[in-house]
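The structure under discussion appears below in the form of structure tokens.
Remember, it's a predicted structure, so these values are computed and weren't measured experimentally. Protein chains get the first letters and strands the later ones, always in sequence-line order, with residue 1 at the start of each.
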There are 2 protein chains.
Amino acid sequence: MNMKDFSNIVGLSPHTLRYYEKIGLLKNVHRNTSGHRAYTNRNIEWVSFVNRLKETGMPLANIIEYATLRELGSNTVLERQMLLEQHQESLKIHIQQQQKHLAALAHKISQYKEGKVS
Amino acid sequence: MNMKDFSNIVGLSPHTLRYYEKIGLLKNVHRNTSGHRAYTNRNIEWVSFVNRLKETGMPLANIIEYATLRELGSNTVLERQMLLEQHQESLKIHIQQQQKHLAALAHKISQYKEGKVS
DNA sequence: TTACAAGTTAGAGTTAACTCTAAGTCAACT
DNA sequence: AGTTGACTTAGAGTTAACTCTAACTTGTAA
């Protein structure tokens, strides 16, 4: 699959995709005979997972760490699992925080509705 | 209240607090006779609210917009309420998204636990 | 009164994550 | 065969939100 199609599927610009490759977030991208990138389904899966981690607030540096472990093979499985479990924990905490913020915001809005704010 | 105490209470560095003033996020900060800032309880309340908006992902530019409306007085009350209601909506959507991500992450972790990942 | 901690300003530097530019090569269609 | 659009690289520029520096003034405790 060429750059344009891949870009559309994963929702990242060609610029961003080349940048991700440069910083080591996207490895082993194949090339066709003319030197253009040829993406595979595995690339789609990986970038989709990267997008998920990104959207849950994981910095690219940490995602690169996970990517690097993944590349090192099956004896990093436990380390990767632990990394994800830690992230799961902080995501749970984040959601709880956001729910608190939502409640406080709802309270503030109710004060506006009752005309208690000037 | 002087800079140091205020900084400790609101959890922002003196640098950041001066920066917030410069960009119009923190207005009407009083000065004592020697030109040092003298913060009030109202400043604490405001910065606490700013922190909440920040933590729910509102960009400083939008918070400044709200701050500016607030300064314009009571005929901007409705506009402020609408601004907060919009933010409330996007916060709800954000939380839902995060919960989806959490479920997907839990699924991935369970695959690790079942030894289905190499 | 002498340290030294804390305050002040304008403006420069940093970090993360892109985003774009220039200058060129390659592919697909008419 | 020519045009148009997509691809390549290295490297520069951008944006948000700080964070720090330099040079100086003020406040406080011994």
Side-chain angles (χ1 to χ4, degrees), chain A residues 1-40 43-44 46-68 87 90 94 97 101, chain B residues 1-40 43-44 46-68 87 90 94 97 101:
Chain A
M1 180 183 310
N2 67 9
M3 179 54 104
K4 200 185 181 194
D5 291 345
F6 188 69
S7 168
N8 283 331
I9 287 175
V10 301
L12 296 173
S13 76
H15 283 309
T16 302
L17 288 169
R18 288 188 206 104
Y19 164 69
Y20 278 9
E21 225 176 299
K22 186 157 61 182
I23 64 174
L25 190 52
L26 189 46
K27 300 166 197 238
N28 304 319
V29 177
H30 296 148
R31 301 295 179 117
N32 65 19
T33 46
S34 53
H36 291 192
R37 288 171 180 81
Y39 293 100
T40 64
N43 293 138
I44 296 179
W46 170 244
V47 173
S48 304
F49 186 57
V50 166
N51 275 334
R52 191 184 292 287
L53 292 178
K54 251 198 321 176
E55 276 162 37
T56 53
M58 187 184 281
L60 295 193
N62 294 22
I63 309 181
I64 290 168
E65 203 186 323
Y66 180 88
T68 305
H87 185 56
S90 60
H94 170 75
Q97 272 297 319
H101 288 319
Chain B
M1 180 184 311
N2 68 10
M3 178 55 102
K4 201 185 180 195
D5 291 345
F6 188 69
S7 168
N8 284 332
I9 287 175
V10 301
L12 296 172
S13 77
H15 284 307
T16 301
L17 288 168
R18 290 188 206 103
Y19 164 69
Y20 278 9
E21 224 175 300
K22 188 156 59 180
I23 64 173
L25 190 51
L26 190 46
K27 301 166 198 238
N28 305 319
V29 176
H30 296 147
R31 302 294 180 118
N32 65 18
T33 45
S34 53
H36 291 192
R37 288 170 180 81
Y39 293 100
T40 65
N43 293 138
I44 295 179
W46 170 243
V47 174
S48 304
F49 186 57
V50 166
N51 275 334
R52 191 184 291 289
L53 292 178
K54 250 198 319 178
E55 276 163 36
T56 52
M58 187 183 280
L60 296 192
N62 293 22
I63 308 181
I64 291 168
E65 203 187 322
Y66 180 88
T68 306
H87 185 57
S90 59
H94 170 76
Q97 273 296 318
H101 288 318

_Going by side chain to side chain donor-acceptor pair (under 3.5 Å), name the residues that satisfy it together with B/Ser90, two or more places apart in sequence or in a different chain._
none
*asked:* Before you tell me yes or no, could you show the steps for B/Val47 and B/Tyr39 under side chain to side chain contact (heavy atoms under 4.5 Å, CB included), namely the whole-Å CA-CA distance, both residues' side-chain angles and the distance that decides it to 0.1 Å?
replied: CA-CA 11 Å; B/Val47 174; B/Tyr39 293 100; over 6 Å; no
_B/His87 side, atom NE2; B/Leu53 side, atom CG - distance, nearest 0.5 Å_ = 5.5 Å
_For A/Lys27, all residues meeting salt bridge (charged side-chain N to carboxylate O under 4.0 Å, His left out), sequence neighbours excluded_ = A/Glu71
*Measure the distance from NZ on A/Lys22 to P on D/dT9 and round it to the nearest whole Å.*
10 Å
*Under the ring-ring contact (aromatic ring centres under 6.0 Å, His included) test, which residues partner B/His94, sequence neighbours left out?*
A/His94
_Proximity to DNA chain D (any heavy atom under 4.0 Å), residues of residues 52-63 of chain A only_ = none
*Could you grab the distance from atom CD1 of A/Ile23 to atom CG of A/Leu60, nearest 0.5 Å is fine?*
5.0 Å
*What's the spacing between A/Met3 CE and A/His15 NE2 if we round to 0.5 Å?*
9.5 Å
*Does any residue of residues 5-20 of chain B have a heavy atom under 4.0 Å from DNA chain C, and if so, which ones, in number order?*
B/Arg18
*asked:* Rounded at 0.5 Å granularity, tell me how far CG in B/Leu26 sits from CD1 in B/Ile64.
replied: 10.5 Å
Would you mind writing out the side-chain donor-acceptor pairs for residues 5-12 of chain A within the sub-3.5 Å range, not counting sequence neighbours?
from   : atom 1 : to      : atom 2 : distance (Å)
A/Ser7 : OG     : A/Leu12 : O      : 2.7
A/Asn8 : ND2    : A/Lys4  : O      : 3.4

*asked:* Below 4.0 angstrom, which residues in residues 26-40 of chain A have at least one non-hydrogen atom near DNA chain D?
replied: A/Arg31, A/Gly35, A/His36, A/Arg37
*Got a sec, which residues hit ring-ring contact (aromatic ring centres under 6.0 Å, His included) with B/His36, two or more places apart in sequence or on another chain?*
none
*Between the side chains of A/Ser48 and A/Asn51, is a donor N or O closer than 3.5 angstrom to an acceptor N or O?*
no
*Terminal helix-axis angle for the helix from C/dT1-D/dA30 to C/dT30-D/dA1, with five pairs defining each axis and rounding to 10 degrees*: 10°
*Quick one: list whatever passes salt bridge (charged side-chain N to carboxylate O under 4.0 Å, His left out) with A/Glu65, sequence neighbours left out.*
none
*Kindly compute the distance separating CH2 (A/Trp46) from OG1 (A/Thr40), expressed to the nearest 0.5 Å.*
13.0 Å
*Earliest and latest nucleotide of DNA chain C, 5' to 3', sitting under 4.0 Å from a non-hydrogen atom of chain A?*
C/dA17 to C/dA27
*To the nearest 0.5 angstrom, please state how far the CE atom of B/Met1 sits from the CD1 atom of B/Ile44.*
4.0 Å
*Provide the full list of salt bridge (charged side-chain N to carboxylate O under 4.0 Å, His left out) pairs with a residue in residues 51-64 of chain B, sequence neighbours left out, each pair given once.*
none
